[in-house]
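Numbering of ligands and ligand atoms starts at 1, following listing order.
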Amino acid sequence: MKSDKLVVGNMKMNLLASDVSLYLKEFHFDEQQDQVVICPSTIYIPYFLKQPYKVGIQNLFFRDKGAYTGEISVSQAASLGIDYAIIGHSERRIYFKESDQDINKKIISALKYGFHIILCIGETAEEKGLLKTARVLKRQLLNDLRNVEKEFFSQIIIAYEPVWAIGNDVTPTMVEIEETVQYIKGIILQYFGYEDIKVLYGGSVNSKNIEELNQIPNVSGFLVGGASINAEEFLKIIEVAVKK
Ligand code: PGA
């Protein structure tokens, strides 16, 4: 039986144009796969739009148009037919100093254009060491989703991505993930009154650990970074998460 899990590939700033044409040949489905979302570098998005899966953008700027050199607006992304947007990835928060307030503006703006938002939250190693995980996640959720009305929550997907588990083959235990996902769902219910929020897990998901991660009962899917730029590896992950 097919599951209803969502698998999102965050290709980050990887692949050259020649790699993309090879990837498109290898990453192939016979039928439409609405539970698979690829987020390539923005310049490659047009190549992915006619493929039988969904396409997402890795970042957006909240203003509609104007003199903002190098930025891509929500309305521009919407006009291309992009369905999903990753917002608040820890690399944007850390390297580009995005604040919860910036993230909140992006979310409010993108929701109005009908985007499905993949909001990334997660604690750093230091915060985990100081036992601040719950506090950090709550702060991110409440600030990033401030003033988002309940009717928009069906467009929101939370990706729990512990910063210390990204790109290094380390993951939390299954129990830690399950408990943290439960905590996130509880916050959304308590503060926003929405019961059915989808929570993905992200951080070093690969073809070797996916069978185990896929057993966690309350996880709605996966955000895959490094493993998504290898078509064969990514297809194996999808095979387990989506088709089983
Ligand atoms: P990773 O990245 O799978 O390479 O750990 C995940 C992410 O940053 O979204």
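Counting only heavy atoms from C-beta outward, the side chains of Arg93 and Ile121 approach each other to under 4.5 Å. Looking at Leu235 and Phe27, their side chains come closer than 4.5 Å, going by heavy atoms from C-beta outward. In this structure, the side chains of Gln58 and Cys39 come closer than 4.5 Å at one or more pairs of heavy atoms. By the 4.5 Å heavy-atom criterion applied to side chains, Arg92 and Asp102 are not counted as neighbours.
Residue, atom and distance of the protein heavy atom nearest to atom 3 (O) of ligand 1 are Gly225 N, 2.8 Å. Given atom 7 (C) of ligand 1, the protein heavy atom at minimum distance is Glu161 OE2, 3.2 Å. Of all protein heavy atoms, the one lying nearest to atom 4 (O) of ligand 1 is Gly226 N, 2.8 Å.
With 3.5 Å as the limit, one finds no donor-acceptor pair spanning the side chains of Tyr84 and Gln155. For the residue pair Asp19 and Tyr44, no side-chain donor N or O sits within less than 3.5 Å of a side-chain acceptor on the partner.
Counting the atoms of ligand 1 from 1 in the order shown, those under 4.0 Å from a heavy atom of Leu223 are 9 (O). Heavy-atom contacts of Gly167 reach the following atoms of ligand 1: 1 (P), 4 (O), 5 (O) (cutoff under 4.0 Å). Interface atoms of ligand 1 facing His89, defined by a heavy-atom separation under 4.0 Å, are 7 (C), 8 (O), 9 (O). Residue Gly203 approaches ligand 1 through these ligand atoms, each under 4.0 Å from one of its heavy atoms: 5 (O).
The distance criterion of under 3.5 Å between nitrogen or oxygen atoms is not met by Ala227 with respect to ligand 1. Some N or O of Lys12 is nearer than 3.5 Å to an N or O of ligand 1, by distance alone.
With Asp144 as the partner, the side chain to side chain contact (heavy atoms under 4.5 Å, CB included) test is satisfied by one option alone out of Asp100, Ile156, Ile87: Asp100.
Residue contacts with ligand 1, taken as heavy atom pairs separated by less than 4.0 Å, involve Asn10 solely via side-chain atoms from C-beta onward.
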